[in-house]
There are 2 protein chains.
Amino acid sequence: MAIDRRVVRTRTALYDALVALIRAKDYEAITVDDILDEANVGRSTFYAHFTSKDDLLQRSLERLRDLLVGVRQGALDGVEGGWDPARALFEHVGEYADVQAALAGGHGGAVLREAVDKVLADVLRQTMGAGPAGGLPRELVIQHMVATFNTTLRWWREHRPAMAPAEADALFRQLLLRGLPADVATPFIGADERVVKSLSGA
Amino acid sequence: MAIDRRVVRTRTALYDALVALIRAKDYEAITVDDILDEANVGRSTFYAHFTSKDDLLQRSLERLRDLLVGVRQGALDGVEGGWDPARALFEHVGEYADVQAALAGGHGGAVLREAVDKVLADVLRQTMGAGPAGGLPRELVIQHMVATFNTTLRWWREHRPAMAPAEADALFRQLLLRGLPADVATPFIGADERVVKSLSGA
DNA sequence: GCAATTTCCGAACACCGTGTCCGGTATCGT
DNA sequence: ACGATACCGGACACGGTGTTCGGAAATTGC
């Protein structure tokens, strides 16, 4: 007994409708009725497949995750043997300006970003395997990579949209691999060792 | 005509009620009626002062921001001349485990974190003034500091709650000032120069 | 093709939270 | 004390959510 074609049709219709709507308006502003309208699906049918709008988003992103992992696997199996996810992402996000806007957007952005972060972290977690983490906690490293990537991406699109992908990538690498010059970080980190000592001693 | 005492009473009552509720349940799950209940304020009165729950949150955080800036200013004016915000934050967040939980929480967390991030960024922005940014875009630096701090903080509370504040701070400084060892970042950054070249050449 | 099964529709429904309005009352500033 | 202003609280319309159910339509397996 193969899977009923009707269910895959309705589900993909709903998936597609969601992304179409995300491209058009804030995620938070999207209503279930909107999705039903866009997908041409009955209300009861929707709730027969998903428990809520958020549930739909989750499962949509699971699809995205599987796709990313698949792509990466393909690249690894290929002869080229090379794979630079960050660079590739920077190169291609420009083609999805509307998605960018959705991710940057005021209110809906937060939940959406949260979900996307989770997916990226999942992919990285699978990718890193059990390799060395340079003495740093693996999970912290993963979260930091995701956060730094997203920070760079958002800054790029919001403050320097004209910048070339390669430049954004370079900034990203600098932040991630070399960090900040000490004097730049002073306002947050403290002035110098003397100060730190005086504080902890008091 | 001095400011009517009634308005400051109701407003602080609402501020306090909000934080009390945030400590008890998810931000998203908090309803206006909950706040009204907790603060003993009439519905119409609430809407006479704030336009929505989010508005209340915003203004609450503006208060927090002013407080942070004030504290910092005081520290700068003091003779000690030292100030290590990050370290101080790491030292004290342990006392607010409930707030931590609120910030970490599944759904409500996202909006809340967004707002808090904004406040931190504001404070830093004021703090940095026009100093050098080491050739890096100032806004990017600010965002990166905030993001790295929050990443470390969340990881700490979620994965190593027993860790000492000083240790968490040390990890934070390493991520921020030295970055990641290249081999650790490979899964996200690419293998080596040869690979990068082959990709960009193709 | 046909029958049995599964899915879909769509309309109706109760529920809850939001934001607004208004007359009466209490509290404030001077 | 008096005028102004803020508060109360109940009622209201509105919109979105999630559920239910009988009948129609599509799909599968044979």
Side-chain angles (χ1 to χ4, degrees), chain A residues 1-22 24-60 102 105-112 115, chain B residues 1-22 24-60 63 102 105-112 114-115:
Chain A
M1 187 206 304
I3 302 151
D4 199 314
R5 298 188 172 181
R6 285 172 293 182
V7 322
V8 322
R9 260 194 296 127
T10 41
R11 285 188 184 163
T12 57
L14 288 171
Y15 290 142
D16 294 348
L18 180 61
V19 309
L21 287 173
I22 284 181
K25 59 200 291 192
D26 256 20
Y27 172 74
E28 300 260 289
I30 297 175
T31 179
V32 176
D33 281 315
D34 292 339
I35 305 175
L36 268 35
D37 241 34
E38 178 77 22
N40 275 317
V41 163
R43 187 165 194 75
S44 50
T45 307
F46 175 89
Y47 284 105
H49 289 278
F50 306 98
T51 73
S52 65
K53 185 183 70 169
D54 284 20
D55 186 33
L56 175 60
L57 176 64
Q58 295 289 351
R59 296 183 192 261
S60 301
H107 279 164
V111 219
L112 205 51
Chain B
M1 188 204 304
I3 302 151
D4 201 313
R5 297 187 173 180
R6 285 172 292 183
V7 322
V8 322
R9 262 194 296 127
T10 41
R11 284 190 185 163
T12 58
L14 289 171
Y15 290 143
D16 294 348
L18 180 61
V19 310
L21 287 172
I22 284 180
K25 58 200 294 191
D26 257 18
Y27 173 74
E28 299 261 290
I30 297 175
T31 179
V32 175
D33 282 315
D34 292 339
I35 305 175
L36 268 34
D37 241 35
E38 178 78 21
N40 274 316
V41 164
R43 187 165 194 74
S44 49
T45 306
F46 175 88
Y47 285 106
H49 289 278
F50 307 97
T51 72
S52 65
K53 186 183 68 169
D54 283 20
D55 186 32
L56 176 60
L57 176 65
Q58 296 289 351
R59 296 182 192 260
S60 301
R63 283 178 112 213
H107 278 165
V111 212
L112 206 49
E114 182 97 346

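Computed over heavy atoms, backbone and side chain alike; hydrogens, waters and symmetry mates excluded. Per chain, numbering begins at 1; letters A, B, ... match sequence-line order.
- B/D37 has its CG atom 15 Å from the P atom of C/dC16, to the nearest Å.
- In terms of heavy atoms, A/D55 sits closest to A/H49 at OD2-O, 4.5 Å.
- Note: CG (B/L36) to P (C/dG17) measures 13 Å, nearest angstrom.
- Residues B/L57 and B/L112 form a side-chain contact, since some pair of their non-hydrogen atoms from C-beta on lies under 4.5 Å apart.
- Considering only side-chain atoms of B/T31, the nucleotide from D/dT27, C/dT18, C/dC9 that sits closest is C/dT18.
- Comparing A/V7 and B/I30 along DNA chain C, the residue whose closest nucleotide (by nearest heavy atom) sits nearer the 5' end is A/V7.
- At the heavy-atom level, A/R9 lies under 4.0 Å from the strands shown only through sugar-phosphate atoms.
- Atom CG of B/D55 is separated from atom P of C/dG19 by 10 Å (rounded to the nearest Å).
- When heavy atoms are screened at a 4.0 angstrom cut-off, B/S44 is found touching base atoms of the nucleic acid.
- A/S52 approaches A/F46 most closely through the heavy-atom pair O-CZ, 3.8 Å.
- As judged by a 4.0 angstrom heavy-atom cut-off over every strand, A/N40 is placed among residues touching the sugar-phosphate backbone only.
- One can place CZ of B/F46 at 15 Å from P of C/dG17, the figure rounded to the nearest angstrom.
- At C/dG19, one or more side-chain N or O atoms of B/Y47 fall inside 4.0 Å of OP1 or OP2 (strictly under the cut-off).
- The CG atom of B/D33 sits 13 Å away from the P atom of D/dG9 (whole-angstrom rounding).
- The base of D/dG10 does not come close enough to the side chain of B/R43 for any donor and acceptor atom to sit less than 3.5 Å apart.
- You'll find the side chain of A/D34 reaches within 4.5 Å of the side chain of A/K25, heavy atoms only.
- If you check C/dT7, C/dT27, C/dG17 against the side chain of B/R6, the one that comes closest is C/dT27.
- Side-chain nitrogen and oxygen atoms of B/H49 include none within less than 4.0 Å of the OP1 or OP2 phosphate oxygen of D/dA6.
- Between C/dC9 and A/T45, a contact under 4.0 Å exists linking OP1 or OP2 to a side-chain N or O.
- Protein atom CG of B/D4 is 18 Å distant from nucleotide atom P of D/dG3, rounded to whole Å.
- As a whole-Å value, the separation of B/E28 CD from C/dG17 P is 14 Å.
- With hydrogens and angles ignored, no donor-acceptor pair under 3.5 angstrom links the side chain of A/R5 to the base of D/dT28.
- OP1 or OP2 of D/dA6 has not a single side-chain nitrogen or oxygen of B/T10 nearer than 4.0 Å.
- Put simply, CD1 on A/I3 is 14 Å from C1' on C/dT7, counting in whole angstrom units.
- Residues A/Y27 and A/D54 bring a donor and an acceptor atom of their side chains to less than 3.5 Å of each other.
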